[in-house]
Each structure stands twice: as C-alpha cells, then as structure tokens.
2 protein chains.
Amino acid sequence: MPRIADPRARIDLLRAAEAIFAENGLAAAKVEDITIRAGVSKGAFYLHFKSKQDCFRQIVEGVVARLAACVEAGRFDECAPPESIEALFESRIAHVVELLEFCWQNRGILGMILTGGGGTPYAYLVDAFAERIEQQSEMWLRRGVEVGLYRDDIEPAIVARLIAGTHERLVREIIKQPRRPDIEGWARQALDLLTRGLLSAASSAVVDRTVTKNRERDERPREPRSRAKAG
Amino acid sequence: MPRIADPRARIDLLRAAEAIFAENGLAAAKVEDITIRAGVSKGAFYLHFKSKQDCFRQIVEGVVARLAACVEAGRFDECAPPESIEALFESRIAHVVELLEFCWQNRGILGMILTGGGGTPYAYLVDAFAERIEQQSEMWLRRGVEVGLYRDDIEPAIVARLIAGTHERLVREIIKQPRRPDIEGWARQALDLLTRGLLSAASSAVVDRTVTKNRERDERPREPRSRAKAG
DNA sequence: CCCCATAGTGACCGACCGGTCAGTAATGCC
DNA sequence: GGCATTACTGACCGGTCGGTCACTATGGGG
C-alpha cells in the first residue's frame with residue numbers, strides 16, 4: 001500500500017492546534033496558522049480532521065479525560081481510611097496539588113476552555129466538572145460530619161458549592177500566572193482556611209498543632225499564635 | 001438646525017446591542033442583528049458608534065463604572081467605625097449583597113465579560129477589578145489583625161487573594177443561575193465560613209452567638225451547636 | 001416654498017477565512 | 001518501468017459580515 005503517511009503530521013497538527021487555540025480561542029484561530037505552524041498544507045489538515053471544530057473537540061476531550069482521571073483518583077471511596085486527621089489533611093493536600101499541577105501543565109488550553117474564549121462551545125464541560133467536584137465535596141462533608149470531624153450545623157450543599165468554588169478559583173488563579181506559582185503553598189492556605197471554618201472544636205485543636213508545625217517547617221520561623229490556646 | 005435626531009435611536013441601539021452582545025459575545029454578534037432589534041438601519045448604527053468594538057466598549061465601560069461605584073462604597077475608610085463586631089459583620093454583608101444584586105441585574109453582559117466569550121478584549125478589566133477587591137480585602141485584613149479582630153498568624157496577601165476569589169466566585173455562581181437565587185443567604189454562608197477561619201479566639205465567641213442568633217431568626221429553629229462551647 | 005444641514009437608509013464593497021478539489025509526489029506491487 | 005493507491009499541496013471558491021456612501025427623508029430658517 002503506497003505512500004506512507006508522515007507519522008508526525010497528525011501529532012504536529014495537534015500540537016500546533018493546541019498552541020493556536022490556546023492563544024486565540026476557537027473562533028479566532030485560523031486553520032492556516034495551525035498548518036503553517038505544523039509545517040503542512042491546509043489540505044493535510046482536512047485529512048486528519050473533519051473540520052476546525054472537530055480538531056478543537058479532539059483536543060478538549062483529551063485534556064478533559066486526563067483531568068477527569070485526576071479528579072477520580074481522589075474520590076472518597078478510593079482512599080484507604082486515614083490513620084489520623086493529619087494524615088487526612090495531608091492526603092487531601094496531595095490530591096489537590098496533583099490536580100493543580102496538571103492544570104498548570106495544561107494551562108494554555110485549559111485557560112481557553114475556562115474563559116470560554118472565542119466562542120468555545122465547551123463551557124458546559126466546565127459546569128459539568130464543577131458539579132462533579134461539588135458532589136464529591138458534599139460527600140466528604142457529610143461523611144466528615146458523621147464522624148464528628150466537622151461541625152454539624154453546616155449546610156453541606158451550600159458549603160460544598162463554596163469548596164468547589166474555591167477549587168475552581170485556585171485553578172483560575174494558577175493558570176493565569178506567568179510564572180510557576182507555589183502551588184502547594186496556595187493549596188495549603190486555601191484548605192487551611194476552609195478547614196478552620198468547618199472543623200468541630202475537638203478536631204480543630206489537633207489541626208491547629210499540625211498547621212502551625214508545617215508553617216514553622218516551611219517558612220522562616222515566626223512567633224506562633226495558635227487559636228486553640230485561647231479557647 | 002434641521003432634522004432632529006430621534007432621541008430614542010441611541011438608547012434603543014445600546015439596549016439592543018447589550019442584549020445581542022450578552023447573547024453572542026463580541027465577535028459573534030452581528031451589527032445587523034443589533035440594528036434589526038433596535039428597529040433602525042445599519043447606517044444609523046455607524047452614526048452613533050465608530051465601530052462594533054466601540055459600541056461594545058461603551059457598554060462595558062458603563063457597566064464597569066457602575067460596578068466600581070458599588071465597590072468603592074464599601075471601602076474601609078468610607079465607613080464609620082462600627083459599634084460592634086455584629087455591626088461590622090452586618091455592614092459587610094449588606095455591602096456584598098448590594099454588589100451581588102447589581103451583578104444579578106446586569107448578569108447578561110457581565111457574564112459575557114467574565115467568561116470572555118467571543119473574543120472579548122476586556123478580560124483585563126476583570127483582572128483589574130479582582131486586583132482592586134484584593135487590595136481592599138488586604139487592607140481590611142491588616143486592619144482587622146491590628147485591632148485584634150483576626151488571627152495574627154495569617155498571610156494577608158494570600159488570604160486576601162482567597163477572599164477576593166470567593167467574591168468573584170460568588171458573582172460567577174450568581175449570574176449563572178436561571179432564577180434569582182437567595183443572594184443574602186449565599187453571601188452570609190460565604191462570609192460566615194471565611195470569617196470563622198480568620199477570627200481571633202476572642203472575636204469568634206461573639207460572632208458565634210450572632211451567627212447562631214441570625215440562623216435561628218432566618219430559618220426554622222434547629223438545635224444550636226456553637227463551636228465556642230467546647231473550646 | 002425653497003434651501004440646506006443633518007438624520008437615516010440599505011445596496012453594495014471587499015477583506016477574510018473555512019473548506020474543496022484538481023493536480024502532484026511518494027510508495028509498494030507487478 | 002508502469003501502474004495503482006494513497007498522502008499531500010495550495011490555488012481557488014463561496015459565504016459571511018464589518019463598514020461605506022450615494023441617496024432619500026425631515027425639519028428649521030429666510
């Protein structure tokens with residue numbers, strides 16, 4: 001069977017397209033710019049993709065699939081029961097950091113999807129995702145209340161929305177940065193703040209110690225002022 | 001001076017344009033759709049606006065100016081010193097509710113600016129705004145720490161970003177809703193959660209009582225569970 | 001009533017760009 | 001080499017709008 005297809009053509013096209021789409025959005029991106037960057041002709045583009053939209057869809061679906069895998073890995077029932085509150089806290093941090101790390105790596109195209117730039121018809125994916133995170137958060141919350149980790153006078157549905165919102169916010173912040181930010185630091189501060197508002201009194205004393213300890217380890221020493229000591 | 005301009009023409013155009021832009025974004029909006037909706041000809045459009053972009057800019061600037069006025073009204077130095085923590089909390093709530101109310105009223109075009117839909121070149125306005133809110137939050141925080149309202153082991157810069165983020169998040173949530181949401185309820189829950197993580201121990205006891213009292217007033221009574229009692 | 005300045009009209013222009021297709025190059029099989 | 005088949009090229013087509021301009025409508029002043 002004659003004329004072997006250049007095996008790099010498709011990959012080059014996808015890479016070029018991702019860059020161009022990330023820079024201009026779907027509507028403003030020109031097929032010709034993509035093909036020029038990939039070093040192939042316009043016709044070659046249409047050998048690999050049905051249309052410009054089709055190309056964009058393939059890229060987005062790829063990113064979303066990998067992102068979904070990232071999120072799925074942190075589900076409540078995927079984790080072994082933690083030995084302690086500290087361990088729980090650390091495992092949550094690790095999971096969030098992993099997620100944010102992925103987002104940072106793919107910030108170009110993710111930013112385009114999130115900001116909906118250029119008439120992207122995939123904003124619904126973002127919403128579906130937020131929904132998923134929200135449900136996951138709500139499950140965590142209810143479980144946390146059951147075992148006495150969290151205050152039992154919260155409205156899980158509303159607080160779950162806030163938590164999901166904070167996550168989305170972190171993502172938006174991070175992919176906006178021109179330089180790699182201190183992802184773990186940001187995640188810790190966010191989780192810390194959220195957690196302090198949620199923990200039952202008994203739990204919060206323990207976490208106070210943990211967080212203070214971490215802070216002393218991570219930063220230059222400063223006069224510690226724990227909240228629990230004045231209770 | 002002959003031929004008086006129809007005084008409604010410009011207003012009709014602006015209204016029509018806002019609707020069309022809100023629905024389609026800048027790039028995908030057609031000037032002809034705007035003029036049809038306004039009931040004038042295409043030529044009339046170009047009597048009032050230099051270009052499609054110019055029209056969009058005028059609309060956006062109008063909204064942003066009113067929004068800025070809303071934010072400015074809540075600045076630290078604009079407020080009389082509150083008589084109590086409860087009064088402070090309530091004044092913050094009132095301010096946030098007013099802001100969110102405005103956003104809800106203008107959700108169409110605001111949504112378009114926020115989601116950057118259709119190649120809107122005004123995403124920088126959103127960022128500038130976030131920056132402003134962030135600085136304002138940071139000033140509040142530092143002041144709050146000084147007077148012993150907040151814990152003094154927080155990083156004002158980072159926490160301010162979180163607070164600003166939560167505000168932006170609230171806005172994004174609210175303008176996304178198909179029906180008018182319980183704006184005040186959402187605002188209270190958000191501020192409550194944030195505040196609990198920030199207050200110094202002495203302050204938090206007071207607020208616990210206030211919030212619990214408000215909750216009893218606002219909702220059906222439920223068994224109160226204050227955090228302070230176990231401290 | 002005429003003049004003319006300005007408001008308003010809409011057919012038209014032209015740039016732009018997604019998509020096509022006739023043609024060409026590369027490759028394996030005989 | 002000839003032939004079939006597939007990869008690839010790029011000039012071109014056609015639709016879509018943003019923007020223009022020759023024209024008409026409308027009103028006040030003399």
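Please read all numbers here as calculations on a predicted model, not as lab measurements. A note on names: the letters A, B, ... follow the listed sequences, proteins ahead of strands, and every chain is numbered from 1.
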Student: Could you go over nucleotides 1-4 of chain D and give all protein N or O partners under 3.5 Å, atom names and distances?
Tutor:
none

Student: A:Arg107: what forms a salt bridge (charged side-chain N to carboxylate O under 4.0 Å, His left out) with it, not counting sequence neighbours?
Tutor: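 In terms of salt bridge (charged side-chain N to carboxylate O under 4.0 Å, His left out), with neighbours along the sequence ignored, A:Arg107 is linked to no residue.
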
Student: Quick one: salt bridge (charged side-chain N to carboxylate O under 4.0 Å, His left out) pairs with a partner in residues 27-54 of chain B, sequence neighbours left out?
Tutor: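 For residues 27-54 of chain B: B:Asp54-B:Arg57.
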
Student: I need the full list of ring-ring contact (aromatic ring centres under 6.0 Å, His included) pairs touching residues 24-44 of chain B, with sequence neighbours left out, sorted by first then second residue.
Tutor: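 Counting only pairs at least two positions apart or across chains, no ring-ring contact (aromatic ring centres under 6.0 Å, His included) contact touches residues 24-44 of chain B.
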
Student: Please enumerate all residues that pass salt bridge (charged side-chain N to carboxylate O under 4.0 Å, His left out) together with A:Asp127, with sequence neighbours excluded.
Tutor: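 Partners of A:Asp127 by the salt bridge (charged side-chain N to carboxylate O under 4.0 Å, His left out) criterion, ordered by chain and then number, come out as B:Lys176.
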
Student: Only distances under 3.5 Å count here; give the side-chain donor-acceptor pairs of residues 4-13 of chain B to other protein atoms, sequence neighbours excluded, each with its distance to 0.1 Å.
Tutor:
residue	atom	partner	partner atom	Å
B:Asp6	OD1	B:Arg8	N	2.9
B:Arg10	NH2	B:Gln58	OE1	2.7

Student: Expressed as a whole number of angstroms, how long is the span from B:Leu13:CG to C:dA7:C1'?
Tutor: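 It works out to 13 Å between those atoms.
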
Student: Please list all pairs meeting ring-ring contact (aromatic ring centres under 6.0 Å, His included) that have one or both residues in residues 17-45 of chain A, counting only residues at least two apart or in different chains.
Tutor: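 Applying ring-ring contact (aromatic ring centres under 6.0 Å, His included) to every pair that reaches into residues 17-45 of chain A, excluding sequence neighbours, yields A:Phe21-A:Phe56, A:Phe45-A:Phe49.
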
Student: Identify each atom pair where a protein N or O and an N or O of nucleotides 8-10 of chain C are less than 3.5 Å apart, giving names and distance.
Tutor:
residue	atom	partner	partner atom	Å
C:dG8	OP1	B:Asp6	N	2.9
C:dT9	OP2	B:Ser41	N	2.8
C:dT9	OP2	B:Ser41	OG	2.9
C:dT9	O5'	B:Ser41	OG	3.3

Student: Nearest whole angstrom, please: distance from the C1' of C:dC16 to the CD of A:Glu32.
Tutor: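 Taking atom C1' of C:dC16 as the reference, CD of A:Glu32 is at 11 Å.
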
Student: What is the distance from OH of B:Tyr46 to C1' of C:dC13, rounded to the nearest Å?
Tutor: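 Value for this atom pair: 13 Å.
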
Student: Taking side chain to side chain donor-acceptor pair (under 3.5 Å) as the test, write out the residues that go with A:Glu101, two or more places apart.
Tutor: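 Listed in chain order: A:Arg180.
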
Student: CD1 of B:Ile34 versus C1' of D:dC17: gap in Å, rounded?
Tutor: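 For the pair B:Ile34 CD1 and D:dC17 C1', the rounded distance is 12 Å.
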
